[in-house]
A.B. asks: 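Here it is, the structure in full.
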Amino acid sequence: MGDKSGLITAYTDNTNKLLEDNRALKEQYRELTKSLEFHVAEIEKLQKEKKALKKEVWSLKNALDETREEVDDMYDDLATAINQIDDLEQYTRKHNLEIHGIAKKRDENIADTSSS
């Protein structure tokens, strides 16, 4: 009988130990599940943020392309305006007369000089 009692005690102790290990494993499983849920939520949040940032980058690239086109158009307009100003300046000097060999004096009045 002592043998049976020892076996039952060993069996009971072993069963209790297995139950404790099982409880500990269940707790670890719950913690891992919570951790996994948290990380899945974080990944989903980061994916949404990445998608929003991609849209913003795409939008900024388009805006930059449009701005570059506008700048190119403005440079073309500027070159055209410079050429037109050059033409107008040249046209306004068309009837000017330039005389060389006469010394220029300070505070000279051209009307007085030409009449004398």
Side-chain angles (χ1 to χ4, degrees):
M1 255 255 223
D3 244 359
K4 285 184 181 183
S5 171
L7 284 174
I8 292 174
T9 303
Y11 177 74
T12 304
D13 290 345
N14 194 18
T15 303
N16 288 336
K17 175 71 172 131
L18 286 172
L19 288 172
E20 285 178 34
D21 289 347
N22 189 24
R23 278 188 223 105
L25 287 172
K26 282 182 180 181
E27 183 59 31
Q28 286 179 349
Y29 175 77
R30 277 189 221 105
E31 289 174 10
L32 286 172
T33 302
K34 285 180 186 177
S35 176
L36 178 63
E37 289 170 355
F38 170 77
H39 285 93
V40 166
E42 285 295 308
I43 287 172
E44 288 173 355
K45 185 174 99 177
L46 290 172
Q47 285 174 335
K48 286 179 184 176
E49 186 177 336
K50 177 184 142 193
K51 188 176 181 180
L53 288 172
K54 273 187 171 183
K55 282 183 181 179
E56 185 178 351
V57 166
W58 182 81
S59 173
L60 290 172
K61 281 183 179 180
N62 285 341
L64 179 61
D65 289 343
E66 289 174 9
T67 303
R68 283 182 178 154
E69 288 176 12
E70 287 176 12
V71 167
D72 288 344
D73 290 344
M74 286 181 183
Y75 274 122
D76 292 343
D77 292 346
L78 179 62
T80 302
I82 289 172
N83 287 336
Q84 287 175 345
I85 289 171
D86 230 10
D87 291 344
L88 287 172
E89 285 177 351
Q90 200 164 0
Y91 180 77
T92 58
R93 289 190 302 263
K94 179 171 137 179
H95 298 292
N96 287 0
L97 180 62
E98 192 173 312
I99 301 173
H100 295 279
I102 299 177
K104 187 173 183 181
K105 299 177 187 169
R106 268 185 142 198
D107 299 325
E108 177 180 38
N109 186 342
I110 195 75
D112 293 341
T113 307
S114 63
S115 64
S116 57

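What you see below is based on every heavy atom in this structure, not just the backbone, and it leaves out hydrogens, waters and symmetry mates. It should be emphasised that the depicted structure is a prediction, and the values quoted were computed from it without experimental measurement.
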A.B. asks: List in chain and number order the residues that pass salt bridge (Lys or Arg N to Asp or Glu O under 4.0 Å) with Lys61, two or more places apart in sequence or in another chain; answer none if no residue qualifies.
C.D. replies: none
A.B. asks: Please tabulate, one pair per line, all N/O donor-acceptor pairs under 3.5 Å involving side-chain atoms of residues 73-94, not counting sequence neighbours.
C.D. replies:
unit_1: Thr80; atom_1: OG1; unit_2: Asp76; atom_2: O; d: 3.0
unit_1: Asn83; atom_1: ND2; unit_2: Ala79; atom_2: O; d: 3.4
unit_1: Thr92; atom_1: OG1; unit_2: Leu88; atom_2: O; d: 3.3
unit_1: Thr92; atom_1: OG1; unit_2: Glu89; atom_2: O; d: 2.8

A.B. asks: Working to the nearest 0.5 Å, report the span between NZ of Lys48 and CD1 of Ile43.
C.D. replies: 13.5 Å
A.B. asks: Mind checking side chain to side chain contact (heavy atoms under 4.5 Å, CB included) for Glu56 and listing every partner two or more places apart, or none if nothing turns up?
C.D. replies: Leu53, Leu60
A.B. asks: Nearest 0.5 Å please: distance from the NZ atom of Lys54 over to the NZ atom of Lys51.
C.D. replies: 10.0 Å
A.B. asks: Just wondering, do Ser35 and Glu31 contact through their side chains at under 4.5 Å, heavy atoms?
C.D. replies: no
A.B. asks: Tell me every residue that passes salt bridge (Lys or Arg N to Asp or Glu O under 4.0 Å) with Glu42, counting only those two or more places apart in sequence or in another chain.
C.D. replies: Lys45
A.B. asks: Show every donor-acceptor pair shorter than 3.5 Å between a side-chain atom in residues 6-28 and any protein atom, with sequence neighbours excluded, or say none if there are none.
C.D. replies:
unit_1: Thr9; atom_1: OG1; unit_2: Ser5; atom_2: O; d: 2.8
unit_1: Thr12; atom_1: OG1; unit_2: Ile8; atom_2: O; d: 2.7
unit_1: Thr15; atom_1: OG1; unit_2: Tyr11; atom_2: O; d: 2.7
unit_1: Asn16; atom_1: ND2; unit_2: Thr12; atom_2: O; d: 3.3
unit_1: Lys17; atom_1: NZ; unit_2: Asp21; atom_2: OD1; d: 3.1
unit_1: Glu27; atom_1: OE1; unit_2: Arg30; atom_2: NH1; d: 2.8

A.B. asks: Please list, chain by chain and in numerical order, all residues satisfying side chain to side chain contact (heavy atoms under 4.5 Å, CB included) with Glu66, sequence neighbours excluded.
C.D. replies: none
